[in-house]
Structure formats: C-alpha cells, structure tokens
Number of protein chains: 2
Amino acid sequence: MPYDPSDYPPFAVTVDLVVLTVRRHALCALTVRRGEQPFQGRWALPGGFVRQDEDLSQAAARELAEETGLTAHEPSAPAQDNGAHLEQLATYGDPKRDPRMRVVSVAHLALAPDLPAPRPGGDANSARWAPVEELLDQGGYGRDGEPVALLAFDHAQILADGVERARSKIEYSSLATAFCPPEFTVGELRRVYEAVWGVALDPRNFHRKVTGTPGFLVPTGGTTTRQGGRPAQLFRAGGATLLNPPMLRPEV
Amino acid sequence: MPYDPSDYPPFAVTVDLVVLTVRRHALCALTVRRGEQPFQGRWALPGGFVRQDEDLSQAAARELAEETGLTAHEPSAPAQDNGAHLEQLATYGDPKRDPRMRVVSVAHLALAPDLPAPRPGGDANSARWAPVEELLDQGGYGRDGEPVALLAFDHAQILADGVERARSKIEYSSLATAFCPPEFTVGELRRVYEAVWGVALDPRNFHRKVTGTPGFLVPTGGTTTRQGGRPAQLFRAGGATLLNPPMLRPEV
DNA sequence: AGTGTTTATCGTCAGGCAGACGACTATGAT
DNA sequence: ATCATAGTCGTCTGCCTGACGATAAACACT
C-alpha cells in the first residue's frame with residue numbers, strides 16, 4: 001500500500017471529555033450548552049479541536065483545564081494532589097457524526113473530586129454538572145422541570161462508554177480514590193462506589209476489604225467527623241493502582 | 001469555544017492493526033515490511049488511511065481483509081465462524097510520530113486462529129508472523145539470524161498496548177476462543193492461555209474451571225486425538241462473553 | 001445527664017472457589 | 001507388552017466473600 005503523504009483525505013480531529021464526579025450521592029458528568037449550530041442550545045460534552053503541535057493527551061488536559069481549572073495527571077500516577085485522573089477513552093469517527101464535515105473525536109475520561117473548583121467553565125450559565133442517570137435516560141426531565149434532551153452529536157454514546165469504563169475500572173484499580181479529596185474516610189470512599197455502581201454496599205465488609213488490601217489506603221493519623229457519627233480515620237490513596245483480588249460489584 | 005468548521009487544522013487519519021495469533025506455542029503478531037521512506041525496509045504493523053466515507057471500524061476491517069483475508073466480527077458477537085475478533089485499541093497522535101506530517105492513528109486489535117488463511121498479505125515476502133517476544137525485545141535477533149530492528153514509527157508501543165489488552169482481556173472474557181478454530185479441545189484452549197500469558201497452567205484445574213463456567217464452552221459431541229494421547233472432547237465457544245468469576249492469571 | 005440516632009469498626013461463621021496434587025483412562029509409539 | 005502422552009475426575013486445604021451480630025464514639029434532642 002504505497003501512499004503519497006501529500007495526497008490523503010483531510011480530517012478534523014477533536015477531543016471530547018467525559019468528566020465525572022460524585023455529587024450528593026450521584027454520579028454526575030460535566031456538560032456545556034452549545035452556542036452554535038448544529039444542536040444549538042443542546043447540552044454536549046466539553047471538547048475542542050486538537051492543535052497542530054500538541055499531543056492528544058495534551059489537548060485533553062488543556063480542554064479540561066479550560067473547562068474546570070483542574071490539572072490532570074497521567075493514568076500511571078495515583079491521585080495525590082488536587083488534579084484529576086485523565087485517560088484516553090475511545091475514538092469516534094462515524095462519517096455522519098458531525099453533519100458539517102468529517103470529524104474524528106478522541107474521547108477522554110476524567111475523574112475529579114467534588115468541586116475542588118466550583119466553576120465549571122467559568123460561565124455558570126453554559127456549563128453544569130448533570131447526573132448521568134438523567135443524561136442517559138433519554139427524553140426525561142431534569143430536577144428543574146426542564147426537558148432533558150438527548151446530548152448533541154453522539155455524545156450520549158460517548159458518555160455511556162465513559163461511565164461504563166469508570167464502573168468497571170474501579171473494580172480492579174484504586175481509581176475510585178480519584179473521586180475523593182486528598183484525604184478521605186472509608187465511608188466516603190464507600191459512598192463513591194455506591195454512587196458509581198448505583199448499589200448499596202455493606203459498610204463492614206467494605207471496610208474490611210479496603211483496609212485489608214495492601215497499598216490501597218494509607219492512614220494519615222488524623223480523624224474527621226464531617227459525616228456525623230463516630231469519628232472516622234483519614235486515609236490517603238496508597239501506591240497500589242491495581243487491586244488483586246478486585247472489588248466485587250454486586251450482581252443485578 | 002466557538003469554532004469555524006471551515007477553519008480547522010487538517011490531520012491525516014489512519015488505522016493500524018495489531019493482529020495476534022498463537023503459533024507453535026508462541027504469541028505472534030502480523031508485521032509487514034515497509035517499502036518506502038521513512039523506515040524503509042523496517043517491519044511495521046499493517047495499516048492505511050481511513051477513507052472519507054468509511055467508519056473507523058470499517059477501515060480496520062477492510063485493512064484486515066486486505067492483509068489476511070479474514071473477515072471481522074464485532075466485539076459483542078462471539079467467534080462462531082472463521083472470522084477474527086476485531087476491536088478498537090487506542091489512538092496515537094504524537095505530533096512527531098510521523099516525520100512527514102501530522103498523522104493520527106486509530107489502532108485496532110485483531111485476534112485470529114492460527115492460519116485459517118495462510119497468506120499474510122498475499123506477498124509472502126513482505127509480511128510475516130513474528131513472535132511478539134522478539135518484536136518487543138528491542139534489538140534482538142530473529143530465528144534466522146536477521147537483526148530484529150525496532151518496529152517503525154511508534155508501532156512497538158502500539159503492539160505492546162495490544163498485547164497487554166489481549167493478556168488482560170482473556171482473564172475476564174471468553175476472548176481466548178478467538179485464537180482457536182471453530183471446534184477445539186480444552187487442552188488447545190489451555191495452550192492459548194499459556195502462550196498469551198507465557199506461563200504454565202495446571203491442566204486439571206484449568207479443565208475444571210472452563211468446563212464449570214456456564215456458557216463458556218458448548219460440547220459438540222465429537223472427539224479428537226490430534227494432540228496425541230487420550231482423545232479429547234471437542235467444544236465450541238458458548239454464548240457467554242464475560243467470565244464471572246474470571247480466569248486467574250498466576251502472578252510472577 | 002440521659003436517650004436516641006448516626007456512623008465507624010471489630011468479630012464470627014458458613015459457603016464458594018482456587019491451588020496443589022493423587023488417581024485413573026484412552027490413545028499412539030517402541 | 002510396555003511406555004509416553006494427554007485428558008478427565010476427585011480430594012483436601014486455605015483464602016475470600018457475604019451475611020450479620022456487637023461495640024464504640026460522636027451529635028441532637030429532651
């Protein structure tokens with residue numbers, strides 16, 4: 001297959017972001033309102049064009065910073081500072097996915113703690129955290145009675161893929177800590193799992209499991225009572241990234 | 001971030017293929033010899049440009065058919081006919097990955113049985129199955145004494161990612177059957193796991209595990225003796241795609 | 001101060017599964 | 001006939017999980 005570098009079909013390449021967080025016991029995704037056609041006025045995932053001189057991961061990190069102020073770290077490093085976890089998700093290139101032209105979008109998945117920077121997009125009117133349940137439950141109505149239309153383009157599919165990635169990845173990795181602040185309790189981590197999976201977990205078995213897995217949690221020595229009830233130990237994420245044996249997601 | 005559809009940085013988009021099979025107890029990848037600059041004469045992964053009117057998965061399936069004659073089926077469907085498993089792997093877009101221009105490559109992973117069509121590329125001189133161990137063991141020498149140079153472009157990284165995907169995915173899915181012919185024995189399936197993981201497995205525990213997992217294997221009623229020794233039952237891949245609990249890869 | 005509520009943490013027990021490994025079976029090779 | 005090879009069935013032990021009882025330490029009442 002010889003090919004001429006000067007004779008190839010031109011594409012536009014974008015990055016789209018699935019930014020997830022846990023708010024009020026619900027898994028939420030960052031959405032922005034579109035200002036132009038097509039899908040004007042509809043909600044969409046944040047994203048933008050990849051520039052000529054930047055890598056895909058750089059473009060994703062740049063878009064994430066522009067939309068949330070979060071800085072990203074690589075998938076290999078555990079979440080130690082306030083940055084968000086960022087990893088490539090998948091690439092979407094259906095010829096008809098953008099009616100204007102041929103656009104290939106490299107979707108990325110970002111996991112962030114709840115509101116380290118409470119300004120999604122700077123313009124609060126054009127960006128919001130929406131429960132993924134509402135976004136994926138096609139044609140429902142939001143809490144404010146506003147009809148929740150389908151996301152623009154193929155973003156509902158991208159979001160669904162990102163949510164599924166997050167749900168499965170917290171099973172066998174310590175990624176759930178990316179949803180937590182730098183210091184957190186076992187109960188807070190459990191509520192993350194419960195929100196992402198949409199199930200209730202036994203607090204006693206969960207506590208045994210996460211504290212018994214070497215390298216998962218490192219006690220900081222402090223305690224907190226911010227959840228009410230008996231004070232709980234504070235932990236940081238340990239160095240382990242892969243959990244073996246994994247957390248088991250209850251079936252059904 | 002308003003953007004003008006007529007004003008965007010143009011990219012070339014390609015698909016590259018990591019085609020894996022198991023030959024002679026070794027995990028092998030399909031490589032082709034490059035005829036042009038850059039990296040002329042070096043081995044590379046098969047691939048090519050995405051056409052203006054085709055989807056990414058279509059482009060990958062087309063390239064796979066051109067190089068091997070295999071037809072692909074979707075990741076959701078289990079391998080029932082002679083086709084190969086094909087799924088998207090990841091996308092590589094470093095600005096310098098191709099010295100000539102900005103190329104974004106959407107890599108795909110294909111798993112095929114050993115030689116259903118023994119013509120890799122039609123031109124036997126320009127394509128070959130190479131053990132991934134040689135390809136990833138940088139700077140070694142092949143069986144014929146020829147120095148095994150690094151793969152062209154970033155293809156060593158792409159191959160490593162594809163191999164890692166395959167290694168982890170056969171843990172929790174029935175994907176290992178994609179390396180087997182339509183009918184196979186438990187022992188043949190075990191040798192697939194051993195080749196992909198590079199470990200030895202206990203035949204008795206393996207047999208108990210795979211025959212005891214509902215939906216993994218369906219007996220055809222026939223037996224074979226092609227491996228020597230006592231005749232073995234023949235199986236087809238069952239409908240189950242996810243194994244729960246998963247196969248456990250021995251550590252270290 | 002006492003009582004109830006909430007959350008955290010420790011313990012116990014039974015069932016399931018995996019690793020180690022013995023035993024037996026059915027072929028082909030010598 | 002004997003051996004080598006590969007397949008198949010069992011047994012046993014240890015670990016992990018799910019179910020769930022019990023205790024501990026805070027706060028909000030009255």
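Chain letters run A, B, ... following the sequence lines, proteins first, then strands; residues in each count from 1. Scope of the values below: all heavy atoms of this structure, side chains included, with no hydrogens, waters or symmetry mates.
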List in chain and number order the residues that pass salt bridge (charged side-chain N to carboxylate O under 4.0 Å, His left out) with [X], two or more places apart in sequence or in another chain; answer none if no residue qualifies.
{"X": "Arg23(A)", "result": "Asp114(A)"}
{"X": "Glu194(B)", "result": "Arg190(B)"}
{"X": "Asp154(B)", "result": "Arg97(B)"}
{"X": "Arg230(A)", "result": "none"}

Using a cutoff of under 3.5 Å, can you pull out all pairs of nitrogen or oxygen atoms linking the protein to nucleotides 16-18 of chain D, with atom names and distances?
{"residue": "dT17(D)", "atom": "OP1", "partner": "Lys209(A)", "partner atom": "NZ", "Å": "2.7"}
{"residue": "dG18(D)", "atom": "N7", "partner": "Arg208(A)", "partner atom": "NH2", "Å": "2.8"}
{"residue": "dG18(D)", "atom": "O6", "partner": "Arg208(A)", "partner atom": "NH1", "Å": "3.0"}

Does His207(B) make a side-chain N or O approach to OP1 or OP2 of dG7(D) shorter than 4.0 Å?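 Checking His207(B) against dG7(D): no side-chain N or O falls below 4.0 Å of OP1 or OP2.
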
Can you sort out the partners of His108(B) under side chain to side chain donor-acceptor pair (under 3.5 Å), two or more places apart, ordered by chain and number?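 For His108(B) there are no side chain to side chain donor-acceptor pair (under 3.5 Å) partners, ignoring immediate neighbours.
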
State which residues pass side chain to side chain donor-acceptor pair (under 3.5 Å) with Arg249(A); sequence neighbours excluded, sorted by chain then number.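 With neighbours one apart ignored, the set is Glu171(A).
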
Nearest-Å distance for atom pair [atom1]/[atom2], residues [X] and [N]:
{"X": "Phe184(B)", "N": "dG7(D)", "atom1": "CZ", "atom2": "P", "result": "13 Å"}
{"X": "Asn244(A)", "N": "dC15(D)", "atom1": "CG", "atom2": "P", "result": "15 Å"}
{"X": "Phe235(A)", "N": "dA8(C)", "atom1": "CZ", "atom2": "C1'", "result": "11 Å"}
{"X": "Leu217(B)", "N": "dG7(D)", "atom1": "CG", "atom2": "P", "result": "14 Å"}
{"X": "Asp202(B)", "N": "dC12(D)", "atom1": "CG", "atom2": "C1'", "result": "14 Å"}
{"X": "Phe206(B)", "N": "dC21(C)", "atom1": "CZ", "atom2": "P", "result": "20 Å"}

Please say whether the positively charged group of Arg128(B), taken as NZ for Lys or CZ for Arg, lies over the ring of Trp43(B), i.e. under 6.0 angstrom from the six-membered ring centre and within 45 degrees of the axis.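 Positive - Arg128(B) is close enough to the ring of Trp43(B) and near enough to its axis.
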
For DNA chain D, the residues among residues 189-198 of chain A that have a non-hydrogen atom under 4.0 Å from it: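 Nothing qualifies; none.
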
Base of dG22(C), side chain of Arg204(B) - is there a donor-acceptor contact under 3.5 Å?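 Side chain to base: pair found, below 3.5 Å.
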
I'd like to check the side-chain contact (heavy atoms from CB on, under 4.5 Å) partners of [X]; sequence neighbours left out, ordered by chain and number.
{"X": "Thr224(B)", "answer": "Thr185(B), Arg226(B), Leu234(B)"}
{"X": "Ala29(B)", "answer": "Leu20(B), Val132(B), Leu135(B), Leu159(B)"}
{"X": "Thr223(B)", "answer": "Pro231(B)"}

Pairing donors with acceptors under 3.5 angstrom, does anything connect the side chains of Asp161(B) and Tyr92(B)?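 Indeed, the side chains of Asp161(B) and Tyr92(B) share at least one donor-acceptor pair under 3.5 Å.
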
Starting at the 5' end of nucleotides 24-30 of chain D, put B wherever the base has a protein heavy atom under 4.0 Å, S where only the sugar-phosphate does, and a dash everywhere else. BBS----

